[in-house]
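Counting convention: from 1, in listed order, for ligands and their atoms alike.
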Amino acid sequence: MRLAVMGASGRMGQMLVQLIDAHERATLSAVVERAGHGWVGQDLGAAMGGATRGLDVTDDVAMALGCSDVIIDFTTPAVTVALAQAAAEAGVAHVIGTTGFVEADLAAIAQAGRTGRIVRAGNMSLGVNLLVTLTRQVAQALGADYDIEIVEAHHRHKVDAPSGTALMLGDAAAAGRGVQLVDVADRGRDGITGSRAPGDIGFHAIRGGDFIGEHDVIFAGEGERITLRHVASDRALFARGALKAALWLEGQGPGEYSMLDVLGL
Ligand code: NAD
């Protein structure tokens with residue numbers, strides 16, 4: 001399978017390059033960076049500080065799509081929305097790890113998924129996707145007597161909050177209660193907020209240092225609390241999930257899929 005990496009110099013992009021190189025069924029077909037980035041036009045191996053390898057970093061998305069079966073994309077919402085459309089038109093499958101989308105972005109991606117093949121997940125790890133399933137079950141079992149709070153921690157460079165994973169967990173908790181997250185989300189309290197509204201799902205974001213990603217889903221009742229927790233300690237976890245999604249897409253028809261589909265959860 002010929003795989004292209006969008007955002008090749010990024011934290012996730014570099015991890016993906018290493019993983020694809022080590023995979024026997026995958027070949028790195030193209031590596032893309034934004035126009036004007038220092039890596040564009042350079043040999044990828046040299047740009048990564050090693051030996052040259054005969055593959056130049058490009059800013060030409062059409063060229064990258066033209067020589068690839070799948071493009072893996074951990075960039076920014078605007079880049080990903082445009083790429084979803086272009087990949088669908090080119091018949092290239094699209095694995096989306098980017099987070100921070102607003103509703104209009106999600107609608108545009110869903111539209112691309114009518115003809116294109118997409119896996120989109122705010123978190124690509126097996127453990128978090130299992131946590132999503134458990135969160136839904138626990139929310140359903142406990143009911144609204146238990147207040148749900150989602151606390152997440154990420155490194156200082158992260159630009160969006162709450163994290164895509166926190167929102168996935170919030171969606172799962174809301175689904176377990178039979179409500180829409182948008183109607184009950186309480187994001188980042190500050191000031192004289194008044195007492196907690198029954199049924200709200202609270203979000204809190206810690207940013208600092210080199211946290212890779214930690215998520216707690218707290219169910220706080222009278223006299224007891226349950227916490228579901230996931231801690232990521234290696235970024236390769238997400239890259240491995242993205243690669244798994246890319247290989248899985250080979251046999252699928254058009255649609256926008258999640259990691260729950262890929263992992264059969
Ligand atoms: P990063 O800033 O290190 O990397 C993003 C890269 O995209 C940069 O190298 C940037 O130059 C590049 N880029 C920007 N515009 C581009 C364009 N037009 N064409 C090509 N490349 C372009 O960020 P990161 O830590 O790698 O994270 C990227 C995204 O992935 C974030 O939204 C983050 O939240 C998300 N993420 C998701 C998961 C998951 O499991 N789904 C895991 C980690 C990170």
Side-chain angles (χ1 to χ4, degrees), residues 4-19 30-42 44 47-48 56-65 68 71-87 94-102 105-106 109 118-132 152-169 171 205 207 209-215 230-246 256-263:
V5 173
M6 190 79 171
S9 83
R11 277 175 287 270
M12 288 304 302
Q14 295 197 47
M15 194 61 80
L16 281 160
V17 165
Q18 289 169 25
L19 219 67
V31 278
V32 188
E33 256 302 337
R34 66 179 160 73
H37 189 281
W39 282 27
V40 172
Q42 278 199 56
L44 174 67
M48 289 180 75
D56 285 351
V57 181
T58 183
D59 58 6
D60 186 343
V61 176
M63 186 280 283
L65 291 173
S68 306
I71 188 157
I72 305 183
D73 171 13
F74 287 73
T75 57
T76 66
V79 172
T80 297
V81 166
L83 182 60
Q85 181 69 33
H94 188 190
V95 175
I96 300 175
T98 308
T99 63
F101 298 111
V102 297
D105 298 333
L106 295 175
I109 293 169
I118 297 171
V119 170
R120 183 178 66 81
N123 193 303
M124 298 273 175
S125 89
L126 171 61
V128 158
N129 284 280
L130 201 54
L131 193 71
V132 166
E152 50 105 341
H154 282 87
H155 53 86
R156 60 167 72 103
H157 305 290
K158 186 163 179 64
V159 296
D160 54 313
S163 68
T165 305
L167 292 170
M168 280 167 64
L169 293 165
D171 270 330
R207 294 288 175 268
D210 61 355
F211 279 106
I212 290 177
E214 303 194 5
H215 293 84
H230 181 269
V231 176
S233 51
D234 183 353
R235 195 165 271 118
L237 182 72
F238 309 126
R240 276 198 296 275
L243 189 51
K244 196 179 183 102
E256 185 187 351
Y257 303 95
S258 74
M259 277 311 277
L260 297 178
D261 299 313
V262 175
L263 297 169

Problem set entry | For Asn129, side-chain hydrogen bond (donor to acceptor under 3.5 Å, both in side chains) partners two or more places apart |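 With sequence neighbours excluded, Asn129 shows a side-chain hydrogen bond (donor to acceptor under 3.5 Å, both in side chains) to no residue whatsoever.
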For this session: Could you list the residues that satisfy side-chain hydrogen bond (donor to acceptor under 3.5 Å, both in side chains) with Gln85, not counting sequence neighbours?
Result: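 Only Glu89 meet the side-chain hydrogen bond (donor to acceptor under 3.5 Å, both in side chains) criterion with Gln85.
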For this session: May I ask you to identify, for Lys158, whether its side chain, its backbone, both or neither come under 4.0 Å of ligand 1 on a heavy-atom basis?
Result: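 The answer is the side chain of Lys158.
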For this session: Specify side chain, backbone, both or neither for Ala121, according to which of its non-hydrogen atoms lie closer than 4.0 Å to ligand 1.
Result: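 Only the backbone of Ala121 comes within reach of ligand 1.
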Is there a nitrogen or oxygen of [X] sitting under 3.5 Å from a nitrogen or oxygen of ligand 1?
| X | result |
| --- | --- |
| Ser9 | yes |
| Gly10 | yes |
| Met124 | yes |

Problem set entry | Any side-chain donor near an acceptor of the partner, His37 and Asp59, under 3.5 Å |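 Side chains of His37 and Asp59: no pair found under 3.5 Å.
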Between the candidates [options], which shows the shortest non-hydrogen contact distance to [atom]?
| atom | options | answer |
| --- | --- | --- |
| atom 6 (C) of ligand 1 | Gly7, Ala82, Gly122, Ala64 | Gly7 |
| atom 15 (N) of ligand 1 | Val31, Val79, Ile212 | Val79 |
| atom 11 (O) of ligand 1 | Arg235, Glu33, His154 | Glu33 |
| atom 31 (C) of ligand 1 | Val57, Thr76, Thr75, Asp59 | Thr75 |

Exercise. When you look at Val119 and Met259, which way does the side chain to side chain contact (heavy atoms under 4.5 Å, CB included) test go after all the steps?
Worked result: CA-CA 7 Å; Val119 170; Met259 277 311 277; 4.2 Å; yes
Exercise. At what distance is the nearest protein heavy atom to atom 37 (C) of ligand 1, and which residue and atom is it?
Worked result: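 Answer for atom 37 (C) of ligand 1: Gly97 O, 2.9 Å.
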Problem set entry | Nearest neighbour in protein (non-hydrogen) for atom 1 (P) of ligand 1 |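 Result: Arg11 NH2, 3.8 Å.
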